[in-house]
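Just below is one structure, and these are the notes that go with it.
Keep in mind that the numbers below use all heavy atoms, side chains included, and drop hydrogens, waters and symmetry copies.
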Amino acid sequence: MTIPSTNMSSFILSNGQILPNHLVSAEYALKNSDVFAVINLLSSDVASSTISVADPFGKVLQQPSSMISGYNFWQSVTASMLLSGNAYVTITRDTSSNIPISLELVPPSQVNVILADDSASLSYQVNYQDERGTINYPSSNMLHFRLLSTGSNQTDSLIGISPLQSLAQSLNMQDFSSQLTLSTLKNAINPSIRIKVAEGALSAEEKEATRKAFEQANTGANAGRPLVEDQLYSFDTLQINSDVAKFLSTMDFGKTAVAEAFGVPSNYLNGAGDQQSSLDMVKSLYRNTLRRYTMPLEGELTAKLGVPVDFDESSAVDADNGTLIDQIQKLLSGTTPAISPLQAQQMLQKRGVL
């Protein structure tokens with residue numbers, strides 16, 4: 001059985017009708033500033049994690065590719081996982097020792113997941129867009145990082161789901177709101193000055209002549225000079241309608257929806273988050289969020305490499321090591337400290353503080 005490499009339903013059921021499901025593509029999603037912000041934030045912080053693994057696997061995880069840095073590689077892997085729910089990474093092994101020597105990220109669109117007839121094994125067919133053509137990989141040579149495999153049926157348990165699926169309606173509404181706002185700004189706010197003629201109905205030519213006369217009298221060298229009105233003409237300025245302000249405020253809901261979908265505190269997206277929340281609480285919530293995205297990496301790498309792999313995201317959340325130092329000071333305080341000075345020194349050395 002050939003399984004699609006991304007779990008994307010083509011249709012949805014709405015009010016008893018079957019409608020096309022216009023899902024959010026990665027290309028469209030990254031044009032949304034809120035989605036780009038959260039994808040960039042999470043992928044960058046996951047890539048900043050310290051990877052711990054037993055030899056001889058440390059080298060390949062620290063520098064998976066010869067073409068890009070290890071940081072950029074894991075950032076791309078995480079971004080692919082967040083955008084499509086799946087990230088596919090092929091493993092190249094040493095022919096003699098069978099130890100992985102390099103990794104390559106493959107776009108989900110180029111991957112077919114093959115379930116064996118007895119449903120006992122998986123293989124992956126990669127359709128490279130170069131001279132390599134099509135290559136089949138056993139499961140042992142493919143790192144398949146997944147998010148939220150629902151398990152509602154046999155295929156859904158094997159393919160991940162992107163948080164973007166929950167944002168399809170919200171982002172479409174935000175897009176429509178943006179278009180409506182732009183249309184309102186273009187058509188309702190300009191012109192900003194209104195000239196009233198006290199008597200008479202003016203022809204189009206007379207209106208244009210009045211408009212040009214006013215512009216000539218109040219622009220260029222005459223700008224800022226006293227305005228002279230006769231009894232036939234008066235002018236006033238147009239204010240932004242309150243409805244326009246309401247249109248603009250509807251843009252804010254997108255930040256909340258994106259933050260909720262990816263589990264990121266809205267403060268991290270510069271949205272209207274809880275301004276009273278303590279910094280430690282926000283850091284704790286965000287660290288829990290990061291664990292949701294490092295655990296799929298750890299689990300798959302541990303399964304395929306056969307040794308425990310750990311992504312320590314502490315350095316990403318606590319860049320200045322302030323939280324770590326405060327925690328160590330608390331552990332050292334009191335009549336019966338929880339750790340010894342030597343252990344505290346080792347903890348600081350591991351983080352690179354000393």
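Between the side chains of Thr134 and Asn127, at least one donor N or O lies within less than 3.5 Å of an accepting N or O. Between the side chains of Asp45 and Tyr293, no donor-acceptor pair of N or O atoms lies under 3.5 Å. Checked by atom type, the side-chain pair Asn72/Ser69 shows a donor-acceptor distance below 3.5 Å.
Val46 has its side chain out of reach of Gln75: every pair of non-hydrogen atoms, C-beta onward, lies at least 4.5 Å apart. Looking at Ser80 and Pro108, their side chains come closer than 4.5 Å, going by heavy atoms from C-beta outward. For the pair Thr90 and Tyr124, the minimum side-chain heavy-atom distance is 4.5 Å or more. Proximity of Phe145 to Val89: side-chain heavy atoms (C-beta onward) are separated by under 4.5 Å at one or more points. Looking at Leu42 and Tyr286, their side chains come closer than 4.5 Å, going by heavy atoms from C-beta outward. The shortest distance between side-chain heavy atoms of Leu147 and Ile161 does not fall below 4.5 Å. Inter-residue side-chain proximity for Glu300 and Arg146 is flagged as met; some heavy-atom pair is nearer than 4.5 Å. Side-chain contact between Val309 and Ile51 is present, with at least one heavy-atom pair separated by less than 4.5 Å.
The CG atom of Leu297 sits 11.5 Å away from the CG atom of Asp310 when rounded to the nearest 0.5 Å. In this structure, CD on Gln129 lies 4.5 Å from CD on Gln110, to the nearest 0.5 angstrom. Between Asn112 atom CG and Tyr88 atom OH the span is 9.0 Å, to the nearest 0.5 Å. Rounded to the nearest 0.5 angstrom, Glu313 CD and Met295 CE are separated by 10.0 Å. Separating the CG atom in Leu83 from the OG1 atom in Thr78 is a distance of 10.5 Å, to the nearest 0.5 Å. Between atom CG of residue Asp94 and atom OG of residue Ser102 there is a gap of 10.5 Å, rounded to the nearest 0.5 Å.
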Next item on the list: Any chance you could lay out the side chain to side chain contact (heavy atoms under 4.5 Å, CB included) test for Glu298 and Arg291, step after step, and finish with the verdict?
Entry: CA-CA 10 Å; Glu298 293 178 359; Arg291 286 301 295 165; 3.0 Å; yes
Item checked: Trace of the side chain to side chain contact (heavy atoms under 4.5 Å, CB included) decision for Asn136 with Ser123 -> CA-CA 7 Å; Asn136 293 317; Ser123 61; 5.9 Å; no
Next item on the list: Could you check Asn86 against Ser84 for side chain to side chain donor-acceptor pair (under 3.5 Å), going step by step and ending with a plain yes or no?
Entry: CA-CA 5 Å; Asn86 301 269; Ser84 68; 4.8 Å; no
Margin query: Test side chain to side chain contact (heavy atoms under 4.5 Å, CB included) on Leu305 and Leu61; report intermediate values, then the result.
Written below: CA-CA 11 Å; Leu305 299 183; Leu61 296 187; 4.2 Å; yes
Next item on the list: Report the C-alpha distance between Ser49 and Asp312 in whole Å, list the side-chain angles of each, state the deciding distance to 0.1 Å, and finish with yes or no for side chain to side chain contact (heavy atoms under 4.5 Å, CB included).
Entry: CA-CA 5 Å; Ser49 301; Asp312 182 6; 5.6 Å; no
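The stretch residues 38-85 participates, sequence neighbours left out, in these ring-ring contact (aromatic ring centres under 6.0 Å, His included) pairs: Trp74-Phe311. Evaluation of the salt bridge (Lys or Arg N to Asp or Glu O under 4.0 Å) test over residues 120-140, restricted to residues two or more places apart or in two chains, returns Glu104-Arg132, Asp130-Arg132. Sorted by first and then second residue, the salt bridge (Lys or Arg N to Asp or Glu O under 4.0 Å) pairs with a member in residues 67-83 form an empty list; sequence neighbours excluded.
Residues passing the side chain to side chain contact (heavy atoms under 4.5 Å, CB included) test with Gln329, sequence neighbours excluded: Ile325, Asp326. With sequence neighbours excluded, the residues that form a side chain to side chain contact (heavy atoms under 4.5 Å, CB included) with Ser340 are Leu342, Gln343. Residues passing the side chain to side chain contact (heavy atoms under 4.5 Å, CB included) test with Pro56 are Ile99, sequence neighbours excluded.
Judged purely by atom type and a 3.5 angstrom limit, Lys304 has no side-chain atom pairing as donor or acceptor with the backbone of Gly299. Looking only at distances, a side-chain donor or acceptor of Gln63 sits under 3.5 Å from a matching main-chain atom of Ile68. Using a distance-only test at 3.5 Å, with no hydrogens or angles considered, a donor-acceptor pair links the side chain of Thr289 to the main chain of Gly263.
A chain of hydrophobic side-chain contacts below 4.5 Å, direct or via other Ile, Leu, Val, Met, Phe, Trp or Tyr residues, connects Leu103 to Val307. Met142 and Ile101 are not part of a single hydrophobic cluster, where members link through side-chain heavy atoms under 4.5 Å apart. Residues Tyr128 and Val111 fall within the same hydrophobic cluster, defined by Ile, Leu, Val, Met, Phe, Trp and Tyr side chains chained together at heavy-atom separations under 4.5 Å.
A pairwise comparison of heavy atoms in Ile39 and Ala79 identifies CG2-CB, 4.1 Å as the closest pair. Nearest heavy-atom pair, Val60 versus Pro100, reported as atom, atom and distance to 0.1 Å: CB-O, 3.7 Å. Of all the heavy atoms in Ser140 and Ile91, the pair that sits closest is O-CD1, 3.6 Å.
Heavy-atom neighbours of Glu208 CD from other residues, nucleotides or ligands within 6.0 Å: above the threshold of 12.
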